[in-house]
Amino acid sequence: MKNEQVAGALRDIGFLTEVEDGPNAQFKSRAYYRAADAVEGLDEDVSAVYEKGGIDALLEIPGVGKAIAAKIEEHVKTGKIRYHEELRAKLPIDTAQLRIEGIGPKTLKAIYAKLKVTNLAELEAAAREGRLKTVPGISAKKEQDIIKRIEFAKKGGGRHIIGEVWPMIKQIESRLKGLPGVADASVAGSVRRMKETIGDVDFLAASSDPEKVMDFFTSMPEVAEVKGRGSAKAFVRLRGGIDADLLVVPENSWGSALQYFTGSKEHGVELRRIAIAKGLRLNEWGVFEGERQVAGRTEQDVYRALGLAWMPPEIRENAGEIELAAKGALPELIKYGSLKGDLQVHSNNTDGTATIEEMALAAKEFGLGYIALTDHTKSLAMAGGLDGEELLEQANRIWELNDRLEGVQVLASAEVNIMKDGSLDIENNVLDRLDIVGAAIHSNFNLPAEEQTARLVHAAENPAVDIIFHPTGRLINRREGYPVDIAKLVETAKDTGTALEIDAHYNRLDLKDEYAWLAVKSGVKLVIDSDAHHPLHYAFLQFGIGQARRGWATESDVLNTLPADRLLKAIK
DNA sequence: GCCGTTTTCGGCCCGACTGTTTTCAGTCG
């Protein structure tokens with residue numbers, strides 16, 4: 001897809017025009033940012049859009065007018081935009097690298113004008129040598145602050161994986177809820193939207209005594225540093241290096257504040273536009289007609305005042321949800337807790353930590369009616385993978401176990417290895433005797449996309465394979481995942497009736513949200529599995545459901561919302 | 001630079017917090 005490159009160039013232009021003089025510079029800049037977002041969010045490749053419909057088709061993209069359409073055309077044809085090059089000649093800074101918190105375009109321009117700083121290394125050197133404070137508007141204190149921020153950014157101050165910070169966040173949330181004088185409290189932001197990674201954590205509380213709540217918040221044991229505090233907001237850095245904000249509002253602003261603090265930014269911007277069109281004003285304190293608050297107590301009230309149905313946080317990305325909410329045509333997303341079984345579970349026969357029976361009983365305890373026992377197969381020697389004979393022996397033991405188990409059933413299954421050529425490391429005559437079969441790639445990650453895709457397609461075409469597990473192989477923040485033409489895989493899954501997995505382990509979340517969306521849109525069935533290697537791992541399922549919701553999946557899109565008997569009929 | 005339930009011109013999301021050039025610009029979410 002060329003979309004990311006085009007969007008990147010447009011966003012860079014947005015950044016570089018933000019510092020231009022003239023009364024309209026900021027609006028021009030904003031127009032480029034908007035167009036960049038729109039191009040990035042396209043379902044289709046922007047170059048394909050152009051090839052098919054020319055400039056007119058580009059003009060159909062919201063936020064793209066004549067001038068930007070011409071620049072997109074230029075990028076599609078030549079790979080660059082002259083206007084972009086001109087701006088870069090004037091201010092040749094590495095904008096991607098110099099996105100340091102607290103330093104915006106204006107400051108960067110001033111720094112460049114005085115010190116000719118163009119990248120992060122030069123910025124750090126200038127700060128450490130004390131030259132930065134010679135730039136107008138930068139004090140010695142700010143210079144020290146910038147050094148700290150660069151250090152933070154360098155030691156992976158990036159985004160945190162949701163599952164890793166979840167327990168601490170939920171604990172803080174629950175403490176805030178229980179605080180005397182607090183009517184309600186909630187985590188908001190990207191955590192509430194169930195994004196796979198979290199930049200910072202936003203907490204919200206409703207109270208008539210904000211000072212007391214902020215005192216509590218800033219003195220929690222998890223707080224490493226208090227970064228700021230006003231009359232309604234406090235900013236802290238938690239131990240482990242994650243930033244957290246707290247906003248305290250009165251009860252009659254709870255809904256509007258929750259909406260505002262949940263985001264996404266783009267969703268909020270669109271809502272405020274709608275408010276203006278209706279002669280209203282929307283902010284964190286409520287919906288206002290003149291000075292009069294007309295909504296704000298609940299999120300439902302806020303959306304209703306704008307003529308919209310309430311939207312689940314997971315889909316608040318301004319990606320079409322607002323238009324559907326205006327028509328009352330939102331899909332009913334799959335609910336948390338609606339899974340009846342888990343189709344990827346490991347035992348200590350390979351790399352799990354508990355017996356099959358222990359995993360089954362833990363599943364029952366968790367509220368599941370069945371699990372598929374999917375131990376690894378022989379070519380994954382590292383995990384002590386099973387061969388065909390061992391798999392069948394295990395299957396027999398599972399079926400015997402089922403006679404003793406009450407209220408939970410174990411399906412004999414396997415996580416079969418997909419070999420380099422797309423074949424499997426277990427014969428079909430063995431796999432055909434199992435209840436259900438998942439297949440996955442665990443080797444040869446660096447094949448070219450075409451070969452990798454062909455490999456997955458071949459596996460999906462195998463009649464014995466019911467599910468492709470963790471289809472892209474990524475590990476969030478650690479490994480990209482192998483290159484795969486996901487559209488092609490989705491198409492094959494559709495044609496062959498193969499299900500695609502959302503592996504709910506928070507390190508994987510694979511399929512990720514946008515790929516899940518593509519699968520749902522194409523009518524491909526999903527399954528959501530914990531990939532449990534321990535009885536406590538069933539708790540991961542909520543993160544998988546979160547991704548599925550972000551992909552607009554309904555209950556009928558996800559096979560393991562069915563009871564076992566119906567599931568086994570529904571697979572291929 | 002974009003765009004139209006007020007509009008083809010004149011608007012463009014909104015408020016909190018920080019630091020400081022002490023009245024507001026810059027930045028953030």
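The chains referred to below are lettered A, B, ... by the order of the sequence lines, with proteins before strands, and numbering in each begins at 1. None of these values were measured; they are calculated from a predicted model.
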My understanding is that a pair needs two contacts under 3.5 Å, Watson-Crick or G-U wobble. By that rule, which nucleotide pairs with dT8(B)?
none
Between dT5(B) and dG11(B), how far apart are the C1' atoms? Round to whole Å, please.
16 Å
Criterion side-chain hydrogen bond (donor to acceptor under 3.5 Å, both in side chains) on Y33(A) and E18(A), from CA distance to verdict:
CA-CA 10 Å; Y33(A) 283 129; E18(A) 206 168 334; 3.0 Å; yes
Nucleotide dC3(B), atom C1' - distance to CD of E270(A) in whole Å
13 Å
Contact check, side chains of S186(A) and W254(A), non-hydrogen atoms, under 4.5 Å:
yes
Return the residues of residues 278-307 of chain A meeting this criterion: a heavy atom under 4.0 Å from some atom of DNA chain B. Order them by number, or give none.
R281(A), L282(A), N283(A), E284(A), W285(A)
Tested for side chain to side chain donor-acceptor pair (under 3.5 Å) against R550(A), the lone hit among E317(A), E196(A), E314(A), E514(A) is E317(A)
Rounded P spacing from dG1(B) to dT6(B) in Å:
27 Å
Hey, is NZ on K116(A) packed in by over 12 heavy atoms from elsewhere, all under 6.0 Å?
yes
Quick one: D37(A) CG to dG29(B) P, roughly how many Å, whole number?
15 Å
In whole Å, I'd like the distance from the CG atom of L246(A) to the P atom of dA16(B).
15 Å
Separation of atom CD1 in I276(A) from atom P in dT5(B), rounded to whole Å
13 Å
Ranking dC14(B), dG29(B), dT27(B) by distance to the side chain of T107(A), first place goes to dT27(B)
Name the pairs: protein N/O against N/O of nucleotides 17-21 of chain B, kept only if under 3.5 Å.
unit_1: dC17(B); atom_1: OP1; unit_2: S231(A); atom_2: N; d: 3.1
unit_1: dC17(B); atom_1: OP1; unit_2: A232(A); atom_2: N; d: 3.1
unit_1: dC17(B); atom_1: OP1; unit_2: K233(A); atom_2: N; d: 2.9
unit_1: dT18(B); atom_1: OP1; unit_2: R229(A); atom_2: N; d: 2.9
unit_1: dG19(B); atom_1: OP1; unit_2: K141(A); atom_2: NZ; d: 2.7
unit_1: dT20(B); atom_1: OP1; unit_2: S139(A); atom_2: OG; d: 2.1

Is there a ring-ring contact (aromatic ring centres under 6.0 Å, His included) between W166(A) and Y506(A) once you walk through the steps?
CA-CA 10 Å; W166(A) 184 266; Y506(A) 53 73; over 10 Å; no
Mind telling me whether F540(A) and H537(A) have parallel, tilted or perpendicular rings, with 30° and 60° as the class edges?
parallel
Nearest to the side chain of K265(A), heavy atoms from C-beta on, is which of dG26(B), dG29(B), dC14(B)?
dG29(B)
Nucleic acid contacts - residues 52-72 of chain A versus DNA chain B, non-hydrogen atoms under 4.0 Å
P62(A), G63(A), V64(A), G65(A), K66(A), A67(A), I68(A)
Can you measure L10(A) atom CG to dC2(B) atom P for me and round it to whole angstrom units?
10 Å
